[in-house]
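Down below is the structure, laid out as structure tokens.
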Amino acid sequence: MIQAVRGTKDILPDTIDTWYFLEETARIISELYGYRELRTPSFEKTEVFSRGVGEGTDIVNKEMYTFLDKGGESITLRPEMTASLVRAVIQSGTYQQNSVSKYWYFAPFYRYERPQKGRLRQFHQFGAECISSPYPESDVEIIQLTHSFIQALGIEEYKLMLNSLGNSASRDVYRNALIEFLKDNKENLTEDSRNRLEINPLRVLDSKAENDIVIVKNAPIILDYLDNESKDHFEKVKSLLDSLGIGYEITPKLVRGLDYYCHTVFEFQSSALGAQDSFGGGGRYNTLFSQLGGKETPAVGFAMGVERLILILESLNKLPKTEAEADVFVVSLNLDFQAYAANIAQILRAKGLKTATDLQRRSMKAQMREANKCGAKYAVIIGDSEFENKQITIKNLSESSQETIGIELIPEYDFKF
RNA sequence: GCGGCUUUAGCUCAGUAGGUAGAGCAUCAGAUUGUGGCUCUGAGGGUCACGGGUUCAAAUCCCGUAAGUCGCCCCA
């Protein structure tokens, strides 16, 4: 048997209603906030991500699906959306107009990682990006949007972790202070953290190794290094969230794994998930446009892991019910009635009823069972007398009542659901 | 990329000290032939993940591979 590639999953009809629900909710909420959907190709030139996401990140170093195409160009399956989206916006030139533009997406992404629950090699994200506003109002709008979305799904128990990385000036000062501190404790750090000390020292704060956690406890805190501009920005974000009644937890050690973030960063966590407890996150990125060759443009955005949301909904028992396959099942008692039955089915479909017929030439009993199994509320029965008199018998399966009517009356017959 | 656990019918799982496999659910068919859901009866369905090895004999022991899962790592 040929199996699906490791870390990939088929979405079968029995779970498709969950996907429709998430896609619909994502679209409706995004549009309520004035965001428009943007789609990009699922692969890009590799430099989009190596320059965009950052050479020091694990995503770029270890997790990308990169290959040479037949023309010798290095191509990468997108591991996330923001870099692609920024590339597309720069290319389209729309951001030049210096007015805010707002985009959302719901799409598959690819990372070569060891699969686990909630961690796949092809996975889906719903996200949104607000481009061209440097102001905290846009940070808050993004968080507000995610909040609305999570609420619309019926998820109430989750944590919003919030932090500020400040502007590049304060970040540099902090970075130096942190390196200084970590160097003093170098002997006690894990090997991973010692390596990161050189490449991306902020990530050491995120370490889960016990040794590191003990050391990091006393590390300098970025919030103490914010300059006035950065501090004002963060304070404004907090007070706006407060007035909106959106709860959050200040988490000075939250740094996130993509290089392009500055100022506000945030992450959503749920205890329903286990080791992969984060189901969404985002932040501000003011330098990404220039890194990708565009005009310097401030922006902020978020992404949520769709498969992880589904796991949460599952644990809360809030998955949408599967839709019935059919409203009406046409039972035909004789092969000679096939054409008649097919015509009846067409009339019913024209009324907007989901209509199924027997495709296995089975007995009446089996067809009735099938009607029941596919969730139909009505069975339409065609036997000798119906066929001869141009009639059908309509049986209400839940009430076990039935009546026989002429086919000309089908269009106005009142099927109740 | 590293470590632990798991892998038997479509699904969930039994399988005792090595002797070529069982249950429940699901599927299908019947219960006097134009009526389903309940009940009863019966049937089909498994190269026991894959590949080696030990043995007269392996689902059962050993090795390897793959996939899943839980951690590490990373992130959504």
Side-chain angles (χ1 to χ4, degrees), chain A residues 1-9 12 14 53 57-64 79-82 105-127 146 190-193 195-196 200 203 206-210 212 254-258 266-270 273-282 301-312 329 331-334 337 358 360 362-387 392-402 404:
Chain A
M1 188 174 59
I2 301 173
Q3 304 186 49
V5 173
R6 176 133 124 125
T8 66
K9 260 188 182 170
L12 300 173
D14 62 342
V53 177
T57 64
D58 280 11
I59 292 180
V60 169
N61 285 331
K62 307 195 256 185
E63 298 171 4
M64 293 205 304
E80 59 112 42
M81 188 64 170
T82 307
Y105 60 89
F106 191 115
F109 298 94
Y110 309 87
R111 287 183 204 173
Y112 190 85
E113 294 187 271
R114 177 94 177 239
Q116 251 181 61
K117 189 177 195 170
R119 193 169 83 183
L120 298 165
R121 289 183 174 180
Q122 188 197 56
F123 60 99
H124 295 75
Q125 289 188 340
F126 160 53
T146 61
T190 56
E191 203 190 320
D192 277 341
S193 290
N195 291 336
R196 272 187 299 222
N200 195 346
R203 297 225 38 85
D206 237 3
S207 174
K208 282 171 193 161
E210 274 182 47
D212 293 347
L254 177 70
V255 293
R256 302 193 49 77
L258 297 89
F266 56 91
E267 194 165 304
F268 297 94
Q269 289 180 6
S270 163
L273 288 172
Q276 266 61 51
D277 63 352
S278 152
F279 65 94
F302 80 91
M304 308 199 79
V306 176
E307 282 82 358
R308 290 187 188 175
L309 287 168
I310 291 175
L311 289 173
I312 297 172
F329 192 92
V331 175
S332 169
L333 301 199
N334 186 319
F337 308 158
D358 172 53
Q360 298 194 100
R362 295 207 288 195
S363 70
M364 179 179 198
K365 189 194 257 305
Q367 290 185 54
M368 289 299 290
R369 262 203 279 263
E370 178 69 20
N372 224 54
K373 210 183 60 187
C374 72
K377 177 100 189 271
Y378 290 93
V380 162
I381 299 164
I382 297 162
D384 294 274
S385 73
E386 286 88 350
F387 179 70
I392 59 170
T393 293
I394 299 170
K395 175 161 186 166
N396 182 321
L397 289 170
S398 51
E399 291 168 13
S400 283
S401 59
Q402 67 181 53
T404 301

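The chains referred to below are lettered A, B, ... by the order of the sequence lines, with proteins before strands, and numbering in each begins at 1. Remember, it's a predicted structure, so these values are computed and weren't measured experimentally.
A/Arg6 has its CZ atom 11 Å from the C1' atom of B/G1, to the nearest Å. Rounded to a whole Å, the NZ atom of A/Lys117 is 8 Å from the P atom of B/U69.
Applying the Watson-Crick and G-U wobble criteria (two distances, each under 3.5 Å), B/G10 pairs with B/C25. Across all strands shown, B/A31 forms a Watson-Crick or G-U wobble pair with B/U39, both key distances being under 3.5 Å. B/C61: Watson-Crick or G-U partner is B/G53, with both key distances under 3.5 Å.
Within 3.5 Å, no donor on the side chain of A/Arg119 pairs with an acceptor on the base of B/A76, nor the reverse.
To the nearest whole angstrom, the two C1' atoms, one in B/U20 and one in B/C48, are 11 Å apart. Annotation: B/C56 and B/U47 have their P atoms spaced 28 Å apart (nearest Å).
Residue A/Gly7 is in sugar-phosphate contact alone, with no base atom involved, counting any heavy-atom pair closer than 4.0 Å across all strands shown. A/Glu307 comes within contact range of no nucleotide atom at all, as no heavy-atom separation falls under 4.0 Å. In this structure, A/Gly118 reaches the bases: a heavy-atom distance under 4.0 Å links it to at least one base atom across the strands shown. Among the atoms of the strands shown, base atoms are found under 4.0 Å from some heavy atom of A/Leu120. Within the nucleic acid shown, A/Phe279 comes within 4.0 Å of sugar-phosphate atoms alone, with no base atom in reach, counting heavy atoms only.
When distances run from any side-chain atom of A/Gln3 to the nucleotides B/A67, B/C70, B/A76, the shortest one goes to B/A67.
Within the cation-pi definition used here (under 6.0 Å to the ring centroid, within 45° of the axis), A/Arg121 qualifies as a partner of A/Tyr112.
Between A/Phe302 and A/Phe126, the ring planes lie perpendicular to each other; the angle is over 60°, past the 30° to 60° tilted range.
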Practice task
Give the B/S/- string for nucleotides 27-39 of chain B, one per nucleotide from 5' to 3', where a protein heavy atom under 4.0 Å of the base yields B, of only the sugar-phosphate yields S, and otherwise -.
Solution key: SSS----BBBB--
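Every residue meeting the salt bridge (Lys or Arg N to Asp or Glu O under 4.0 Å) condition with A/Glu370, not counting sequence neighbours, appears here in chain and number order: A/Arg362, A/Lys373.
Where stacking is scored as ring centres under 5.5 Å apart with planes under 30°, A/Phe123 registers as stacked on the base of B/A76.
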